[in-house]
Amino acid sequence: MQYAKKLLDEIGIDSRRVEMFNMGASDAQKFTGAADEMTERARELGPNPLMPKGK
Amino acid sequence: MAKSFKEALESGKFVVTAEVGPPKGTDIEEMLHHIDLLKDKVDGLNVTDNQSSVMRLSSISVSHIIKEKGGEPILQMTCRDRNRLALESDLISANILGINTVLCLTGDYITVGDHVEAMPVFDLDSVLLLKTVRLLESGKDLGGNELKGAARFCAGAIVTPEANPIEPQLLKFEKKIKAGAEFFQTQAIYDLDNFKKFMKYARQFNVKILAGIVLLVSSGMAKYMNANVPGIFVPKDLIDEMASAEKGKALEKGIEIAGRMIKTLKDENICDGVHIMAIGKEGKVPDILAAAGLA
Amino acid sequence: MNEFEPKVVAFCCQYCAYSAADLAGSMRLQYSPNVRIVKLMCTGKVDVIHLLKAFEGGADAVFVAG
Amino acid sequence: MIVADRKPFDDIKAMLEGFERVLIVGCGECVSVCMVGGEKEVEILASQLRMAAGKEGKKIELGETTLERQCDREYLELLKDKIENYDVVVSMACGAGVQFLAEMYDHKIVLPATNTRFIGVTEGEGVWTERCRACSDCVLAETGGICPVTICAKGLLNGPCGGTNDGKCEVSKEKDCAWTLIYNRLNKLGRLDSIREIFPAKKYNVQTRPGRRIHEAFKEKE
């Protein structure tokens, strides 16, 4: 994961856009938490800088 | 003193050497002052060679100045910055300038100094440098060629009696003797009992040993050396003694301790002399000698 | 910028995180509708290159859950 | 094996400034094992370059291929047709591979994506350490199989320097003192006598640069 973050940082993509979460099969809340957190981070950081603007 | 260092060594007297650190730059006023202060009080003045891998005036030029002033220089030579050609050339060059005593060292690694990007050489090591000195004396060089006029040196080396582990260090000590070392200056010693053990071992060889004395200036310095300088161990009672000094009197206490140690080494005939390193406080060497009863 | 809806890719192990997501569904737990799940036998299989490819494909955030 | 580092991405990007058609060539030997220039790393670099170009709105056309190795002509020949479609080649091999590729296709610009570091071993997962300096005059028989030329920072042949401390090196407390290791190993083997004699100065003339070796069986052909 650190490696992925480094590779992204190198090309100027904020490494906070990628994360690893550990959970068990019954951790439904953990999953929804992870899903919400990553969506929130994406909102904060804005669109993927690779994509054409205005979409 | 008119006597050469070799004569002093062989006279059987308790030999005293001190150290001069060449400055970084061409302003040598302070260094000249230290040379004048010390040259007649000691049997030899070591001149460091780009000490701690920090670029400075060369040890040959400063040794030459000492010689001209009537002192007795001990040329330190490290294997860090020169290959065998340059080392041999510098050795015979030193000789024609009247520099007859050389201390053969490996040298600190480049990256501890101020030119970290430079190429470390280490073509020879301290043992091989000693051998080279002896070879040049035989009228030959490392290329197997005849010299037009042989060299003549009193050659020394260093040993660290507090090294950990000690066995590999002693193995190298014996190699240095085999290679032709006539005298050794030791890394700083503070634990006299341990040093006596080392001397008992060293006495089986026909070499002169000068104990290294580094002037303590504070208890903090002692603790720092224990933590950071390889091969130096200051026992707790000495640290406590330094700490007990009144405010502003720590240096006096350090001088007192150094003087006392030198006196013990001499009176108990433990070793053949001392090498005083008053790092940055060269002006205090006469005080140390006075405290030791040697002035 | 108001209409920006992030695309989030989740690489999920079918035994743990995918089950957890499934359970979240059964429990009627609400979570971000922006998440697209990629089910894997095991997240141990996820390689750096998969993460990079997800970003190349336009993902705004990527997470691995296992 | 030969161990390398990948050059920082910014350096690679700067080298490729102005080129649109880039062929990335990996090597399946050492640099694959040390995870810096094999098939997978070719993919990663390509992905990074594509994203970086996309971000800046630049056009880039990337070719990706990995050869068995780049230090043999027969494998390099496989690039013959492909290479013509590209303006520039980025080799992810060690310096030897980069040079051999460049020599064979001397009408193409060939750029290195790695910094070649040393000859070493896999110490553990993802960790490689240097074990040989290729000095052409091996001393391992005398030193208990531990190379002072490589492991000692100063390459000393006659025992430890005064900087050794608790079995560590003066250069870094992370590094072992080679001569403490050698002493301990020889002591264990009962072979300390092999380091009691003074080791002569190293012969640097046996390290011809560049090195060249011809197998006995092939000497007549030369």
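Below, each value reflects all heavy atoms present in this structure, side chains not excepted, and no hydrogens, waters or symmetry copies. A, B, ... follow the sequence lines: proteins, then strands. Residue 1 opens every chain.
Counting heavy atoms from C-beta on, the side chains of A:Met20 and C:Val46 never come closer than 4.5 Å. With a 4.5 Å cut-off on side-chain heavy atoms, A:Met38 and C:Val35 do not count as touching.
In this structure, chain A has no heavy atom under 4.5 Å from any part of C:Cys13. With a 4.5 Å cut-off on non-hydrogen atoms, A:Glu37 does not touch chain C at all. Both the backbone and the side chain of C:Phe55 come within less than 4.5 Å of a heavy atom in chain A. Heavy atoms closer than 4.5 Å to chain A are found in the backbone of C:Ala59, but not in its side chain. Using a 4.5 Å cut-off between heavy atoms, C:Ile37 touches chain A through its side chain atoms alone.
From C:Cys16, atom SG reaches atom NZ of A:Lys30 across 10.5 Å, with rounding to the nearest 0.5 Å. Interatomic distance, C:Gln30 CD to A:Thr32 OG1, rounded to the nearest 0.5 Å: 10.0 Å. Atom CG of residue C:Asp60 and atom CZ of residue A:Arg41 lie 14.0 Å apart, to the nearest 0.5 angstrom.
Counting non-hydrogen atoms of other residues, nucleotides and ligands closer than 6.0 Å to CZ of A:Arg16 gives a total of 12 or fewer.
Taking chain C as the reference chain and counting heavy-atom pairs below 4.5 Å, the highest number among A:Ile13, A:Ile11, A:Asn22 is found for A:Asn22. Per-residue counts of heavy-atom pairs under 4.5 Å with chain A were compared for C:Ser26, C:Gly25, C:Ala61, C:Gly66; the largest is that of C:Gly66. Interface check for chain C: of the options A:Val18, A:Leu45, A:Leu50, the most heavy-atom pairs under 4.5 Å are formed by A:Val18. The residue among C:Ala10, C:Ala17, C:Ala54, C:Cys12 with the most heavy atom pairs within less than 4.5 Å of chain A is C:Ala17.
In terms of heavy atoms, C:Phe4 sits closest to A:Ala42 at CE2-O, 3.5 Å. When all heavy atoms are compared, the tightest approach of A:Met1 to C:Val64 is CE-CG2, 4.0 Å. Considering every non-hydrogen atom in both C:Ser32 and A:Thr39, the closest pair reads OG-OG1, 2.6 Å.
With A:Leu8 as the fixed residue, the side chain to side chain contact (heavy atoms under 4.5 Å, CB included) test singles out one of C:Leu51, C:Val62, C:Leu52, C:Val48: C:Leu52.
Using a 30° and 60° split on the angle between ring planes, A:Phe21 and C:Phe63 fall in the perpendicular class, above 60°.
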